[in-house]
Each structure stands twice: as structure tokens, then as C-alpha cells.
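Worth knowing before you read on, the calculation uses all heavy atoms, side chains too, and leaves out hydrogens, waters and symmetry mates. Owing to the predicted nature of the structure, the values given are computational and were not obtained by experimental measurement.
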Amino acid sequence: MTENNSKLWITILVFSFVILWIIKIGYDDFRLSNDQRFTIGSTLGWKRTGKGPVIAYRFSVNNKSYENNASAGKDTVDVDSGRYFVRFLPSDPTVSRVMWDSPVPACIGEPPPNGWADIPSCE
């Protein structure tokens with residue numbers, strides 16, 4: 001194989017990976033829009049990834065802990081001790097989205113083991 005062919009195959013592989021990643025994100029969002037529950041996630045701090053800086057968070061479902069990370073504005077999120085609502089897929093809690101625009105009010109206690117069907121309020 002020539003050097004040009006190798007570069008072409010590498011380009012095709014990288015492009016294919018990016019396309020598959022975009023499809024997976026869209027599919028996960030579709031699944032979440034049809035079947036989701038809510039729990040509380042706690043921020044763990046900043047992490048550096050290939051995508052740039054992200055905020056790590058942890059949440060629990062049925063007494064099992066999960067960690068994920070997501071991009072957010074540094075000035076809009078309590079990075080070290082924030083509590084935010086997290087949407088997750090009941091059948092696969094690894095599929096989750098933190099809701100940076102929904103910090104958990106102090107009046108909300110611990111979530112039930114399998115989360116809430118709707119975001120709770122203080123009323």
C-alpha cells in the first residue's frame with residue numbers, strides 16, 4: 001500500500017468514527033425523549049478530554065453509581081459541589097444528560113433509588 005492509500009484509509013476511518021459517534025448521540029437523545037427518569041447528580045470537578053475541558057458528575061440509580069461528563073460554561077456551574085438534575089434512561093442509566101440549567105433546590109432531598117418520573121418541586 002502506498003503512503004497516499006494509507007492516508008486515505010485513515011481519513012475514511014476517522015470520518016466514519018465521527019459519523020457513528022454523531023448517530024449514537026442522536027439515538028441516545030431519541031431514546032431519552034421517549035423514556036426518561038430523573039435523579040440528582042453531584043459535580044466532581046473539571047476534567048480534560050480530547051474534546052476540551054468538561055465537568056464530571058456522578059449519580060446513583062438503584063444503588064449503583066454512574067459517572068459521566070459534559071460540557072458547560074465555567075461561570076454557570078458550581079463545579080466543586082453542585083447538585084443538578086440528571087435525565088437517564090431507566091433501562092440503561094449509562095445514557096444520561098445532566099441538566100446544567102436545573103440546579104437542585106435545597107428543599108429537595110435524596111431521590112428514590114429508581115429516580116423520579118418528573119422533576120420534583122419544593123411545593
Discussion item. Give me the atom names and distance for the closest heavy-atom approach of P105 to F85.
Written reply: CD-CE1, 4.1 Å

Fill in: Aromatic plane relationship, F59 with Y66 - under 30° parallel, 30 to 60° tilted, over 60° perpendicular
parallel

Worksheet entry | Whether S96 side chain and F88 backbone form a donor-acceptor pair below 3.5 Å | no

Fill in: Side chain W100, main chain S71, donor-acceptor under 3.5 Å
yes

Practice prompt. Identify whether V104 and I119 are in the same connected component of the hydrophobic contact network (ILVMFWY, side-chain heavy atoms under 4.5 Å).
Written response: yes

Worksheet item: Can you tell me if R37 uses its side chain to pair, donor with acceptor, with the backbone of L89 under 3.5 Å?
Response: no

Fill in: Within-4.5 Å side-chain heavy-atom neighbours: P93 and K64
no

Worksheet, complete the sentence: Minimal heavy-atom distance between A70 and V98, with the atoms involved, is CB-CG1, 3.8 Å

Discussion item. For a quick test of reading the model, state the closest non-hydrogen atom pair linking T39 to P111 and the distance between them.
Written reply: OG1-CG, 3.3 Å

Fill in: Nearest atoms (heavy-atom pairs only) where R83 meets S42
CG-OG, 4.3 Å

Discussion item. Is any side-chain heavy atom of V54 closer than 4.5 Å to one of W46?
Written reply: no

Discussion item. Do Y84 and L44 sit in one hydrophobic cluster, given that two such residues count as connected whenever their side-chain heavy atoms are within less than 4.5 Å of each other, even indirectly?
Written reply: no

Item to complete: Establish whether I40 and F38 are linked, either directly or via other cluster members, by ILVMFWY side-chain heavy-atom contacts under 4.5 Å.
Response: yes

Fill in: Euclidean distance, R58 CZ relative to E67 CD, rounded to 0.5 Å
4.0 Å

Discussion item. Restricting to non-hydrogen atoms, name the atom on N69 and the atom on A56 that form the minimum distance, rounded to 0.1 Å.
Written reply: CB-CA, 3.9 Å

Worksheet item: Can you tell if the side chain of V95 reaches within under 4.5 Å of the side chain of D92, non-hydrogen atoms only?
Response: yes

